[in-house]
Amino acid sequence: QVQLVESGGGLVQAGGSLRLSCAVSGRTGSRYAMGWFRQAPGKEREFVAAISWSGGSTYYADSVKGRFTISRDNAKNMVYLQMNSLKPGDTAVYYCSLRRSAFATTAGYEYDYWGQGTQVTVST
């Protein structure tokens, strides 16, 4: 089994920053890609960012490009999402996800494991 535990969410004012972390443990396999997705109340889950196993390829939703940065530390089994210039529209539960492949995608259905999520609330 694979466990993903997110942390770092909270309440922040618009324009502020947060750094989300995702701790990965369990039988992940030799190489895996990671993604971040989010779901706002009454909305479907949407892609935010993804990173390949090597970290050499990263992908971002247009809505967060230039404001969010995904990174990983394979030695520590950690993935991060640095979120800057936050907007009220970024308010959502953020989920960390793992894909049993070295290559990342933007499609949620291609990810095999999911964390429980962490709430991010951006106030005006």
Side-chain angles (χ1 to χ4, degrees):
Q1 289 293 335
V2 173
Q3 293 80 41
L4 305 176
V5 180
E6 303 96 334
S7 61
L11 174 64
V12 64
Q13 287 189 327
S17 298
L18 282 175
R19 187 195 196 203
L20 303 184
S21 299
C22 176
V24 182
S25 62
R27 294 187 166 185
T28 60
S30 58
R31 300 181 179 187
Y32 54 89
M34 297 294 297
W36 285 96
F37 292 77
R38 67 187 182 186
Q39 187 166 20
K43 295 187 177 181
E44 293 188 353
R45 182 182 64 194
E46 64 174 0
F47 168 76
V48 176
I51 188 167
S52 63
W53 163 252
S54 69
S57 297
T58 56
Y59 307 89
Y60 296 94
D62 288 343
S63 59
V64 308
K65 204 170 292 184
R67 300 187 298 123
F68 291 12
T69 302
I70 188 171
S71 62
R72 65 190 297 162
D73 184 338
N74 290 341
K76 296 182 178 179
N77 295 324
M78 296 291 295
V79 179
Y80 307 98
L81 185 68
Q82 177 66 43
M83 305 186 295
N84 299 328
S85 302
L86 283 161
K87 306 175 181 179
D90 294 318
T91 295
V93 176
Y94 283 70
Y95 297 92
C96 172
S97 59
L98 182 148
R99 181 176 191 237
R100 284 185 174 273
S101 167
F103 305 103
T105 74
T106 63
Y109 70 86
E110 296 198 79
Y111 286 79
D112 302 294
Y113 298 95
W114 296 81
Q116 293 298 307
T118 185
Q119 176 71 47
V120 171
T121 303
V122 184
S123 64
T124 55

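As the structure is a computational prediction, the values presented were derived from the model and not from experiment. Residue numbers start at 1 and run along the sequence shown.
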**OP:** Any chance you could pull the hydrophobic cluster mates of M78, using side-chain heavy atoms under 4.5 angstrom and chaining through other members?
**Re:**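 So far as hydrophobic clustering goes, M78 is joined with Y80.
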
Exercise answer: donor-acceptor pairs, residues 68-75 side-chain atoms, under 3.5 Å, sequence neighbours excluded:
unit_1: R72; atom_1: NE; unit_2: N74; atom_2: OD1; d: 2.7
unit_1: R72; atom_1: NH1; unit_2: Y32; atom_2: O; d: 3.0
unit_1: R72; atom_1: NH1; unit_2: S52; atom_2: O; d: 2.9
unit_1: R72; atom_1: NH2; unit_2: Y32; atom_2: O; d: 3.0
unit_1: R72; atom_1: NH2; unit_2: N74; atom_2: OD1; d: 3.3
unit_1: D73; atom_1: OD1; unit_2: A75; atom_2: N; d: 3.2
unit_1: D73; atom_1: OD1; unit_2: K76; atom_2: N; d: 3.3
unit_1: N74; atom_1: ND2; unit_2: W53; atom_2: O; d: 3.0

Subject >> Pairs where residues 5-23 contributes a residue and the test side chain to side chain donor-acceptor pair (under 3.5 Å) is met, not counting sequence neighbours >> reply: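 Applying side chain to side chain donor-acceptor pair (under 3.5 Å) to every pair that reaches into residues 5-23, excluding sequence neighbours, yields S17-N84.
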
Least distance between heavy atoms, [X] atom then [Y] atom:
{"X": "R38", "Y": "D90", "result": "NH1-OD1, 2.9 Å"}
{"X": "G117", "Y": "V93", "result": "CA-CG1, 3.8 Å"}
{"X": "S85", "Y": "R67", "result": "O-NH1, 2.9 Å"}
{"X": "T58", "Y": "I51", "result": "CG2-CG1, 3.8 Å"}
{"X": "T124", "Y": "P88", "result": "CG2-CG, 3.5 Å"}

Original post:
At what distance, to the nearest 0.5 angstrom, does CD of Q116 lie from OG1 of T118?
Top reply: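 Reported value, rounded in 0.5 Å steps: 11.5 Å.
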
**OP:** First locate atom OG1 of T121, then atom CG of L18, and finally report the distance between them rounded to the nearest 0.5 Å.
**Re:**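 Reported to 0.5 Å precision, the distance equals 9.5 Å.
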
Would a 4.5 Å heavy-atom cut-off, applied to side chains only, mark [X] and [Y] as touching?
{"X": "V120", "Y": "L20", "answer": "yes"}
{"X": "M83", "Y": "W36", "answer": "no"}
{"X": "Q119", "Y": "T91", "answer": "yes"}

Strictly by disulfide (SG to SG under 2.5 Å), give each pair with a member in [range] just once, sequence neighbours left out.
{"range": "residues 28-76", "result": "none"}
{"range": "residues 40-71", "result": "none"}
{"range": "residues 15-122", "result": "C22-C96"}

**OP:** Let me know which of Y94, Y111, Y95 forms a ring-ring contact (aromatic ring centres under 6.0 Å, His included) with F37.
**Re:**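 Of the listed options, the one satisfying the test is Y111.
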
Subject >> Sidechain N-carboxylate O distance under 4.0 Å for D62, K65 >> reply: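 K65 and D62: salt-bridged.
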
Hydrophobic cluster membership, [X] vs [Y], 4.5 Å side-chain cutoff:
{"X": "Y113", "Y": "M34", "value": "yes"}
{"X": "Y59", "Y": "L81", "value": "no"}
{"X": "V48", "Y": "W114", "value": "no"}
{"X": "F47", "Y": "L98", "value": "no"}

Original post:
For atom CD of Q39, is the number of surrounding heavy atoms from other residues, nucleotides or ligands below 6.0 Å larger than 12?
Top reply: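 For Q39, atom CD is crowded (more than 12 foreign heavy atoms under 6.0 Å).
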
Original post:
Can any side-chain N or O of R99 pair as donor or acceptor with the backbone N or O of A33 at less than 3.5 Å?
Top reply: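 Absent.
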
